[in-house]
Structure formats: C-alpha cells, structure tokens
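Here the structure is laid out as structure tokens; the discussion comes afterwards.
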Amino acid sequence: MGKDTFTITDNRTGKSYEVPLENETINALDLRQIKVDPEEFGTMTYDPGYGNTASCKSTITYIDGDKGILRYRGYPIEQLAEKSNFLEVAYLLIYGELPDKETGEQWEYKVNRHTYIHEDLRRMMHMFRYDAHPMGMLISALAVMSTLHKEAKDVEDPEVRNKQILRILGKLPTVAAFAYRHRIGRPVNYPNSDLSYTENFLYMLDYMGQHNYTVNPVLAKALDVLFILHADHEQNCSASVMRSIGSSNADPYSAMAGAAAALFGPRHGGANESVVRMLEEIGSADRVPEYVERVKRREFRLMGFGHRVYKSYDPRAKLIKKIAYDVFGVTGSNPLIDIALKLEEAALSDDFFIERNLYPNVDFYSGIIYQAMGFPTDMFTVIFALGRAPGWLAQWNEQVEDPEQRIARPRQVYLGPGERNYVPVEQR
Ligand code: ACO
C-alpha cells in the first residue's frame with residue numbers, strides 16, 4: 001500500500017510537490033505553493049458550479065449518484081419513507097440520531113408550540129397582491145421573521161440556534177398556508193395543535209368552517225412522506241446558499257430566505273412547477289415523441305429530468321411514483337400521469353438521454369401528485385421548501401459548529417483588461 005499523497009510535477013519548472021490526500025480529497029490550498037516565480041499568486045482550481053469541489057465535511061446525508069443511494073445519517077431513504085415520520089426525520093437530520101420515545105414526543109410538542117406567527121407578519125402578508133407568487137411571499141416572510149426575532153443573530157449560542165430551529169419548523173407551514181389562503185382570497189386558519197405536523201398544514205389550507213371536518217389520512221400520510229423525501233440532499237444549490245449566507249454569521253431566517261430563493265429557480269425546486277406546465281403543454285401522450293425530438297434539437301430541456309449527482313434513477317422519484325397511486329386512490333387519477341409515463345418511457349429508451357444518464361428526478365412526479373391533491377401550480381415549490389427546511393437547518397447548524405469553516409469566498413480567474421486610464425466621456 002503506497003502513501004496517501006500525490007506527487008505533482010510542475011513541467012514548467014521541473015519541481016515536484018508532495019500533496020497529502022485525505023478522504024480521497026486534496027486541499028485546494030496545497031496547490032497554492034506551485035508557482036514559477038515566488039511573486040506569483042500560485043495555482044488554483046477552476047470549477048464552475050462546483051462539479052468536483054467539496055466545500056465542507058458533513059455527517060448528514062450520503063448520496064451515491066451512480067448507484068441511486070440516498071441516506072440520511074446512515075438510514076436508507078426507503079426505510080425512513082416507510083417507517084418514520086417527517087418530524088422524526090427532521091430531528092434525525094438536525095441532531096444526528098433518531099429520538100427515543102420521550103425525546104420525540106417533546107420535540108413534536110415543542111415544534112407544535114411554535115406554529116403561531118406574529119400578527120405583524122400576518123398583516124404584512126396580507127399586503128401582497130392577490131396574484132403574488134407564494135414563493136415570493138415565503139421568501140419575504142422569512143426575511144420579516146429575522147426582524148421579529150432579533151436574538152437570532154447570536155448564532156454562536158447553541159440555545160439560541162435551537163430556539164430558531166423550533167420557530168422555523170413550527171412557523172413555516174403557517175406562513176405557507178397563509179400565503180395560499182391570501183392567494184385564493186380566503187380568511188386564514190390559525191394552527192391547530194391537536195393535529196400532527198402535516199395534518200395541521202392541510203387543515204390550515206383547507207378548513208372552511210365545516211362541521212366534523214377531518215383531514216384525509218391518506219393524503220396527510222402521502223404529504224408527510226413527500227416531505228421526508230425532500231428533507232435533505234447534501235450540498236445542493238439551496239443548501240450551499242444556506243451555508244454561504246450562514247458563513248457570514250447572518251441569522252438563520254436571512255440565510256433561509258436566500259436558500260428558498262435558490263430553490264425557487266426552475267433548474268432546482270422550481271422544476272416541479274415547470275414539469276406540470278410542460279406536461280400540460282404536451283397535452284396528450286401521442287404528442288410525446290414530437291416533444292422529445294424538440295428536446296433533442298435543444299429547443300428546451302426536459303423538466304424533471306437530469307441531475308448533477310444522480311447518474312441513475314433518483315431513488316426519491318421511484319418512491320414518489322408509488323405515492324402517486326395512493327393519492328389517486330383518494331382524488332381520482334390525474335390525466336397528466338399518462339403523459340408523464342409515456343415521456344419517461346420515451347426518454348429512457350432514447351440514446352440522447354441514455355448517453356447523458358438523464359433519468360427522472362424528484363420533481364418529475366411530485367407536481368402531478370400536488371396537482372391531484374388540489375394545490376395550485378405555484379404552491380409546488382413552497383411544499384418542497386417546507387420539506388427541505390430541516391435539511392437547510394441541519395446544514396446550517398453543522399456549518400456553524402464546524403471549526404474548519406470560514407466565510408464563503410470563492411476565487412476567480414480574472415480575464416478582463418489590464419490597468420488602463422480613465423477616458424473623459426467626450427473623448428470616447
Ligand atoms: N433535458 C435535456 N437535456 C439535458 C437535461 C434535460 N433535463 N439535463 C441535462 N441535459 C443535457 C445537457 O444539455 C448536457 O448535454 P451536452 O453535454 O450535450 O451539452 C448534458 O445533459 C449535461 O447537462 P448539464 O447542464 O451539464 O448538467 P448539470 O449537472 O449541470 O445540470 C440539472 C443538472 C440542472 C438538474 C439539469 O439536468 C437540468 O437542467 N434539468 C432540468 C431541470 C430539473 O429538472 N431540475 C431539478 C433538479 S432536482 C432538484 O434540484 C431538486
């Protein structure tokens with residue numbers, strides 16, 4: 001067995017450098033010593049989109065993208081989806097272990113005690129236009145929460161951090177439900193702590209004063225599992241933003257407003273919305289081949305397909321596809337599922353997609369389920385954000401506690417002009 005080092009030879013100078021290798025990783029700063037002239041800055045790595053750069057050490061989520069494996073704190077996602085519930089998974093992600101019975105009950109009780117939002121925030125949410133996108137409302141509400149919970153900026157204090165974790169997990173479904181009720185012009189429902197986390201969310205969305213109102217248990221269970229499947233995905237775009245903003249010691253509400261903004265984009269969590277719009281545009285299963293040809297001509301991308309990390313079937317998409325049929329058992333089928341199945345079949349048997357390892361991702365089937373449950377399209381990414389909240393918090397908490405972490409500050413390769421003199425406007 002050789003040494004855990006690399007020897008790098010600089011062919012410009014003939015000099016060799018021995019660089020340590022730890023966890024199959026070299027420290028990028030070890031390359032800085034490689035230079036021709038001592039006055040030079042030294043060698044850097046160039047990695048747009050961080051395709052091969054580890055920005056942190058983490059013990060939260062493990063993904064093997066080639067084999068389609070996803071584990072939270074070591075537990076396979078399939079087992080958690082079948083046996084656990086969202087709040088328990090949230091605890092696991094944030095604190096590292098599954099809670100025992102008593103700790104789990106206390107945790108649920110504490111999160112449920114933080115579901116009411118400040119009346120000022122409710123009033124502010126009421127000021128949005130009737131057609132404001134609920135993701136815009138959620139992002140803004142998080143920023144407002146930073147102004148209401150001022151002690152949150154004391155991020156070095158673990159007790160203060162824990163308090164904000166409870167507040168964020170407790171209040172986020174309320175904010176999401178209030179955004180929805182505002183959007184459809186109905187009065188808000190205040191949280192009901194007799195209900196489970198996910199039941200309470202559905203209740204706040206739907207309740208209209210009916211006698212004997214109950215939340216459908218199949219739909220509550222399906223949504224709870226969807227939340228689990230979305231709960232963390234290691235260093236994805238929004239989690240990196242959460243960590244990046246958190247690295248400046250900003251409070252978690254501000255950091256999460258940024259993370260939610262990153263999620264909003266159609267190449268990330270906004271894809272679930274785009275998938276449904278795409279399926280509606282295709283309109284019928286017989287038009288799928290024509291659509292696939294247009295994707296291959298690069299007119300647009302197939303939404304809900306492809307992933308930076310998964311080069312095989314996204315394990316979450318497999319589970320979500322199954323949940324779709326549980327939900328359809330209650331709501332009736334969504335005609336878009338036939339188009340989606342046909343699209344998947346067409347793509348998975350086409351060389352363009354096979355060569356590029358493009359498989360359905362988490363967003364491909366989730367939107368169809370949300371639509372069947374009656375959610376308007378622009379609520380889909382909000383639901384993703386509710387599910388992802390514990391992951392963002394776990395990533396943030398881990399980063400704040402990690403002594404190796406520093407403020408996020410990438411380098412650049414400057415290719416612009418050298419120094420030049422200012423030219424007065426009349427001489428340009
Ligand atoms: N449809 C068609 N072609 C695609 C797609 C797609 N959905 N995704 C990637 N490709 C092609 C690219 O054109 C490229 O082809 P080329 O090498 O011939 O130029 C190749 O596959 C690699 O694509 P990249 O953009 O380099 O892959 P990257 O890892 O940077 O992007 C991403 C990943 C953003 C998810 C991409 O696959 C995509 O845009 N998918 C559609 C949007 C989507 O579903 N996003 C949700 C992702 S899951 C999540 O964030 C929760």
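One-based numbering, in listed order, for ligands and for the atoms of each. Predicted model only: the values in this text are computed from it and were never measured.
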Walk me through whether Lys221 and Asp224 qualify under salt bridge (charged side-chain N to carboxylate O under 4.0 Å, His left out). CA-CA 5 Å; Lys221 173 70 186 158; Asp224 202 74; 5.3 Å; no

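- Across Leu393 and Ile168, no two heavy atoms sit closer than the pair CD2-CD1, 3.8 Å.
- Remark: Ser240 engages Gln235 in a side chain to side chain contact (heavy atoms under 4.5 Å, CB included) (not counting sequence neighbours).
- For the residue pair Ser58/Glu398, the side-chain donor-acceptor check at 3.5 Å is satisfied.
- In this structure, Lys163 does not pair ionically with Glu151, as no charged nitrogen and carboxylate oxygen lie closer than 4.0 Å.
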Distance dump, ligand 1 polar atoms to protein, N/O, under 3.5 Å:
unit_1: ligand 1; atom_1: 1 (N); unit_2: Leu302; atom_2: N; d: 2.9
unit_1: ligand 1; atom_1: 7 (N); unit_2: Leu302; atom_2: O; d: 2.7
unit_1: ligand 1; atom_1: 7 (N); unit_2: Phe305; atom_2: O; d: 2.9
unit_1: ligand 1; atom_1: 13 (O); unit_2: Arg298; atom_2: NH1; d: 3.3
unit_1: ligand 1; atom_1: 15 (O); unit_2: Arg356; atom_2: NE; d: 3.2
unit_1: ligand 1; atom_1: 18 (O); unit_2: Arg298; atom_2: NH2; d: 2.6
unit_1: ligand 1; atom_1: 18 (O); unit_2: Arg356; atom_2: NE; d: 3.0
unit_1: ligand 1; atom_1: 18 (O); unit_2: Arg356; atom_2: NH2; d: 3.0
unit_1: ligand 1; atom_1: 19 (O); unit_2: Arg298; atom_2: NH1; d: 3.4
unit_1: ligand 1; atom_1: 25 (O); unit_2: Arg301; atom_2: NH1; d: 3.1
unit_1: ligand 1; atom_1: 25 (O); unit_2: Arg301; atom_2: NH2; d: 2.9
unit_1: ligand 1; atom_1: 29 (O); unit_2: Arg308; atom_2: NE; d: 2.8
unit_1: ligand 1; atom_1: 30 (O); unit_2: Arg308; atom_2: NH2; d: 2.9
unit_1: ligand 1; atom_1: 39 (O); unit_2: Arg301; atom_2: NH1; d: 2.8
unit_1: ligand 1; atom_1: 40 (N); unit_2: Phe305; atom_2: O; d: 2.9
unit_1: ligand 1; atom_1: 44 (O); unit_2: Gly304; atom_2: N; d: 2.8
unit_1: ligand 1; atom_1: 44 (O); unit_2: Asn361; atom_2: ND2; d: 3.0
unit_1: ligand 1; atom_1: 45 (N); unit_2: Arg267; atom_2: O; d: 3.1
unit_1: ligand 1; atom_1: 50 (O); unit_2: His268; atom_2: ND1; d: 2.8

Please lay out, stage by stage, how Glu280 and Arg277 fare under the test salt bridge (charged side-chain N to carboxylate O under 4.0 Å, His left out). CA-CA 5 Å; Glu280 284 170 349; Arg277 295 195 201 287; 5.5 Å; no

